[in-house]
Amino acid sequence: MELDALLTQSRARLGPFSTVHFFAEVASTNDVAAALPEGAVVLADHQTAGRGRRGHSWFSPPGSGLYASVVLAPGRARHDPTRATILLTLAAGVALAEGLEAASGLLADLKWPNDLYVSRRKLAGILAETSGDLVILGFGINTSAVSYPAELRDHITSIESELGRSVDRYRVMVETLATLATRYHDLISGRFDAILDAWRRRAPGAVGTRVARTINGVVETGVTAGIDDNGALLVRVGDRIERIVSGELEWL
Ligand code: BTN
């Protein structure tokens, strides 16, 4: 179905996200969204300079993914705006997984902090960037298989490759906006436990999985032991528990 028709049909569920600015091509939707107010949504068919976390690029060819950014203001949360801001990307990961399931039936696992994986291949990622009081929350979801660059080929997947059938990517987009509206409302209203519980249920690898991370060139391995109430990942390394708030982890 056309995006506009889906948006109209779903308006009541979209909360602040009912205005979607669509572009055939942009450098990065996060850059376009940075000039817009809370609730604005930017969606592009193609990004020429899509960004990932930690200086990576995000492969964004035309017609095969959802490249979107929404403008959020977690600092206006009624209770504990600092914690709401810290938990924002976990809430967004939950919303993406829920939107994906609602639109397509596909279940993805969350990998801390907010990547979506299916069978250990990355399906979607989230990049949150601050712009004054606002947070630009960008997400990329691979919807159909394309010819991926060699270095990505064995590590990423798409909704259609997993399901073995075509999906309406705009339906995935609209369902994701609806679940994002719900989880954003939870966050602004201080329902942090609902977000943390949902995240834990969808992240089986956050407990009992061997992981490695590289700190200053040294590889450290440990076993995941869940997340704490501020969304930090706990990792047992030898006989101590480390609390990780940033960085990249490799599943072993
Ligand atoms: C990651 O897992 O590294 C985060 C990827 C985020 C990609 C999205 S695509 C839409 C938005 N615009 C960007 O330039 N990046 C994000």
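Only this structure's heavy atoms are used, side chains among them; waters, hydrogens and symmetry mates stay out. As the structure lists them, so they are numbered: ligands from 1, and atoms in each ligand from 1. Bear in mind the structure is a predicted one, so any value in this text is a computation, not a measurement. Residues: numbered from 1 along the sequence shown.
Two residues are said to be in side-chain contact when any heavy atoms from C-beta on lie closer than 4.5 Å; Arg51 and Glu129 meet this criterion. A 4.5 Å side-chain heavy-atom check between Val20 and Leu7 finds at least one atom pair inside the cut-off. Between Lys122 and Leu152 there is no side-chain heavy-atom pair separated by less than 4.5 Å. Taking 4.5 Å as the limit, every side-chain heavy atom of Glu175 sits out of range of all side-chain heavy atoms of Glu101.
Each of the atoms 7 (C), 8 (C), 9 (S) of ligand 1 lies under 4.0 Å from some heavy atom of Gly140. Close approach of ligand 1 to Arg51 (heavy-atom distance below 4.0 Å) involves ligand atoms 5 (C), 6 (C), 7 (C), 13 (C), 14 (O), 15 (N), 16 (C). For ligand 1, the atoms sitting less than 4.0 Å from at least one non-hydrogen atom of Gly52 are 1 (C), 3 (O), 4 (C), 5 (C), numbered in the order shown with element in parentheses. Every atom of ligand 1 is numbered from 1 in the order shown, and the set under 4.0 Å from a heavy atom of Gly50 is 14 (O). Close approach of ligand 1 to Ser28 is summarised as follows: ligand atoms under 4.0 Å from at least one heavy atom of the residue are 12 (N), 13 (C), 14 (O). Within ligand 1, counting atoms from 1 as listed, the ones closer than 4.0 Å to a heavy atom of Asn30 are 11 (C), 12 (N).
Under the 30°/60° scheme for interplanar angles, the aromatic rings of Phe22 and Tyr170 are found to stand perpendicular.
The side chain to side chain contact (heavy atoms under 4.5 Å, CB included) with Glu220 is formed by just one residue from the set Val235, Ile215, Val211; it is Ile215.
A ring-centre distance under 6.0 Å is not found for Tyr67 and Trp58.
Under the 3.5 Å distance criterion, with hydrogens and angles disregarded, a donor-acceptor pair is assigned to the side chains of Gln47 and Ser60. Side chains of Glu162 and Thr157: a donor on one and an acceptor on the other come within 3.5 Å. A donor-acceptor pair shorter than 3.5 Å cannot be found between the side chains of Thr179 and Thr176.
Taking distance alone, with nitrogen or oxygen atoms compared against 3.5 Å, Tyr67 stays at or beyond that limit from ligand 1. Polar contact with ligand 1: absent for Ser69 (N/O pair, distance under 3.5 Å).
From the protein, the heavy atom lying nearest to atom 12 (N) of ligand 1 is Gln47 OE1, 2.9 Å. If you check which protein heavy atom lies closest to atom 3 (O) of ligand 1, you get Arg53 N, 2.7 Å. The nearest protein atom to atom 11 (C) of ligand 1, hydrogens excluded, is given as Thr29 OG1, 3.3 Å; this is a heavy-atom distance. Nearest protein heavy-atom neighbour of atom 2 (O) of ligand 1: Lys122 NZ, 2.6 Å. Of the protein's non-hydrogen atoms, Trp58 CE3, 3.3 Å is the one closest to atom 5 (C) of ligand 1.
Only the side chain of Asp115 comes within 4.0 Å of ligand 1, judged by heavy-atom distances. Heavy atoms of Ala68 found under 4.0 angstrom from ligand 1 belong exclusively to the backbone.
Distances from atom 4 (C) of ligand 1 to the heavy atoms of Ile141, Val70, Asn114, Ile126 put Ile126 nearest.
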